[in-house]
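Only one structure is covered here, and it is reproduced in the block below.
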Amino acid sequence: MSSCKLSSYLYKQSIHCRLYSSSLSAAKHTRTWTQGCLVHSKYTHRQMSVLCQNCQKKYAFSDISLNLMRRSCKTLASTSKRKKKKLDPSKFGEGKGKKIVEVEKAMTVSSLADAMGVKRDHIYDAMEVTSNLNRFKPDTILDFDVIRDIIKKSNMVYTFKREETSQVEKKNLDAVRRPPCDPAVLKPRPPVVTIMGHVDHGKTTLLDYLRKTSVAAGEAGGITQHIGAFSVSLKDNQKITFLDTPGHAAFSAMRSRGAHVTDIVILVVAADDGVMEQTRESIKFAEQAGVPLIVAINKCDKPVADPEQAKRELLGHGIQLEDFGGEVQAVKISALKGTNIDILGESIIAQAEVMELKADVTGLVQANVIESKVDRGKGPVATIIVERGTLKKGCILVAGKSMCRVRNLYNEHNQQIGEAPPSTPVEVAGWKEIPAAGELILEVESEKRAREVIDWRTQNEKEERLKQDAVVIEKKAQEQHKAHTEKRKVNSLLTWKEIRMRKAAEQMKLGKENVKSDHPELNIVLKGDVDGSVEAILDAMATYDSDQCTLDVLHCGVGVVSDKDVEIASTFDGIVVAFNVVVSSSAETLANKLGVTIQKHSIIYKLIDDLKEELNERLPPVEEVSVLGEATVLQPFTISVGKRKVHVAGCRVNKGSLKIGQQFKVVRNQDTVYEGQVTSLKHHKDDVKSVKKDMECGLSFKENIECVNGDVIICYEVSHIPQKINWELGF
């Protein structure tokens, strides 16, 4: 085809396409023709003549057609470069007006609930698994098919979450410790002394003598249940801050926390008992914290006391006493009678002077949470020890994800004080939420800054949790992919009939799993007086590892037992455990109405004992079979009772005795053909209750079975023996 004919053909094709945008090839060629072949144009009465460069012939057509052609080329060029716009699924089609949920290919139950803005119960309802909630936990991973179904049932639409490509480093908005100050501004401070040792070695009695209050009498069972912090003034007006940590085995976390906020550890060892388990643990905590020890050998007034033996035992555990050429002071005391208590105080002051304890009393406050609880009159309160700065009313504090505007300060006598300098134990009221024991307290400039810190920590924790979830999800996905590959490999070796049978068996198994399990379980709602007590009880429960009965803590917290706690326990057929807290009257009434047990305790080892009993009650009894006698069938025969024929087995007793009312079974060729009770037992023609060895008798069974010669009849008794849980805590 010649150049002129090609130009004419392309022109006709363009006119045929009208706006020249429906055919990309025609538009391209038309644009090329209009740009490359037009060399001369002349307007004459709305007509245009075009001269072709090759054939030198003129072609006439209207300027409107040419303008349309040019405009269409520009439109096509701009359209081809335009990016496709992503449609909003909530504004079109079936998703119009519905909420959009950003999802990932795999999510946990908790993260999906957060993304949808609903409670976890809504997710469970959508999954239709409310009959077996125990199979699904907040960290259970859901695949995309399940996520899609849940969102669809919730009348929402989903879109995949976009990955953030921003490389901008996130600004750290957290509150941090102040840098060390100039040593010239430091001032002397009282030492913080922690009293540690084994349970019932006399720690609380020692402190009772020091502050002249009856502490031991007020403690449940004479055992310290949580840390007590207070100041003691000696004769020369020198102050010492004491921490009394529990010696009970369950409170190891609290002893560790006490050791890490202290300057000096007083290790109390009973002269009549020596080094015990919690004594060794206290030595380990002191070594880890890097604080000096002073040994107080208590109960030296007892006739059986042997202080020298206690010293030798301490030497065996690496405690180099001054009597043996070491540096650790040892003082023989009697806390009950007050013997040598003043010498112990002098030893503490001497050790503190050697350590040159000083602190900065200016600037923002730094402190440590010793204990926290909910007080009925004060609300959430925390016992703290100031580490740096001077705490006053109105200070804004942050501890973990809790904030506080200091409303009031109380000393150990529950008296309000104006300020608390370093090393001062004080109870702080004004917390929005109770802080966790052991948290670092930092003062900030304003409430706005405090909220900023808490939001940053919350977001940071959420991101860390999402990272952990992503790792778990990836691992789970790999496991599922591996299982799927192995399954396909196995199925490749099976016939289609075998595959269908396997799928049917899996469906049957899935249906059975949705039914509530018969495995015994004990669900607990735990409420305690202070955070440390709850922590200690949870640590004790963590030692339970028996598979006889499942032990699960549904909810734990600090404060009075409320209606909500009872409702949670009722939902999961559990119990409420209240440790050193009261139960509200409405909760008591609701518990009686719903049949929920509320256990009240004030001593931890009694709480554990009651939990053991509760676990034992949940265990089904074990059936124990005892064989009472055995007989052999010699001659079966039939008798008529009215119109009914009754089969009777004529037997001779070989072992033991046969007793009516017990269980019987008939064994034929080592197979049991009958198991049940007998309706009559006769010796000759007399009805008897039992038949002994070497006696003959006639037996008829409830199901009227026919025996044959040589059948063995066994009489046995079934006993139901209660099970006992295997749980040893070591105290």
Short question: side chain of Asp552, backbone of Asn523 - any donor-acceptor pair under 3.5 Å?
no
Which heavy atom of Ser562 sits nearest a heavy atom of Ser584, and at what distance?
CA-OG, 4.2 Å
Check whether Asp565 reaches the backbone of Val561 with its side chain - one donor and one acceptor, N or O, closer than 3.5 Å.
no
Under the 3.5 angstrom rule, does the side chain of Thr262 hit a backbone N or O of Thr194 as a donor-acceptor pair?
yes
Please report the closest heavy-atom contact between Val566 and Ile598, naming both atoms and the distance.
CG2-CD1, 4.3 Å
What are the two closest non-hydrogen atoms of Val534 and Gly557, and how far apart are they?
CG2-O, 3.6 Å
Considering all heavy atoms of both residues, which atom of Thr279 and which atom of Gly274 are nearest to each other, and what is their separation?
OG1-O, 4.4 Å
Show the nearest heavy-atom pair for residues Val275 and Ala310, with the distance to one decimal.
CG2-O, 4.5 Å
Heavy-atom donor-acceptor pair, Ser111 side chain to Met107 backbone, under 3.5 Å
no
Nearest 0.5 angstrom please: Arg280 CZ to Leu314 CG, how far?
11.0 Å
Strictly distance-based, threshold 3.5 Å: is any side-chain N or O of Ser546 a donor or acceptor partner for the main-chain N or O of Gln548?
yes
For a side-chain hydrogen bond (donor to acceptor under 3.5 Å, both in side chains) check, start with the C-alpha distance between Glu675 and Tyr716, then their side-chain angles and the critical distance, and finish with the verdict.
CA-CA 10 Å; Glu675 197 164 355; Tyr716 62 93; 2.6 Å; yes
Measuring from atom NZ of Lys665 to atom OG1 of Thr672, what distance do you get when rounded to the nearest 0.5 angstrom?
5.0 Å
With rounding to the nearest 0.5 angstrom, report the CG to OG distance, Leu658 to Ser690.
9.0 Å
Polar side-chain atom of Ser533 near backbone of Asp529 as donor-acceptor pair, under 3.5 Å
no
So, Gln599 side chain and Leu607 main chain: donor-acceptor pair closer than 3.5 Å or not?
no
Between His198 (side chain) and Met276 (backbone), is there a donor-acceptor pair under 3.5 Å?
no
Can a side-chain donor-acceptor contact be found between Asp273 and His201 if the only test is distance below 3.5 angstrom?
yes
Go through the side-chain N and O atoms of Thr589 and Ser586 and say whether any donor and acceptor fall under 3.5 Å apart.
no
Would you please test Glu614 and Arg618 for salt bridge (Lys or Arg N to Asp or Glu O under 4.0 Å) and show each step?
CA-CA 6 Å; Glu614 192 70 34; Arg618 304 261 169 159; 3.6 Å; yes
Distance under 6.0 Å and angle within 45° of ring axis: Lys378 vs Tyr410:
yes
Are the side chain of Lys299 and the backbone N or O of Ala271 linked by a donor-acceptor pair below 3.5 Å?
no
Please give me the minimum heavy-atom distance between Ala429 and Cys404, naming the atom from each residue.
O-SG, 4.2 Å
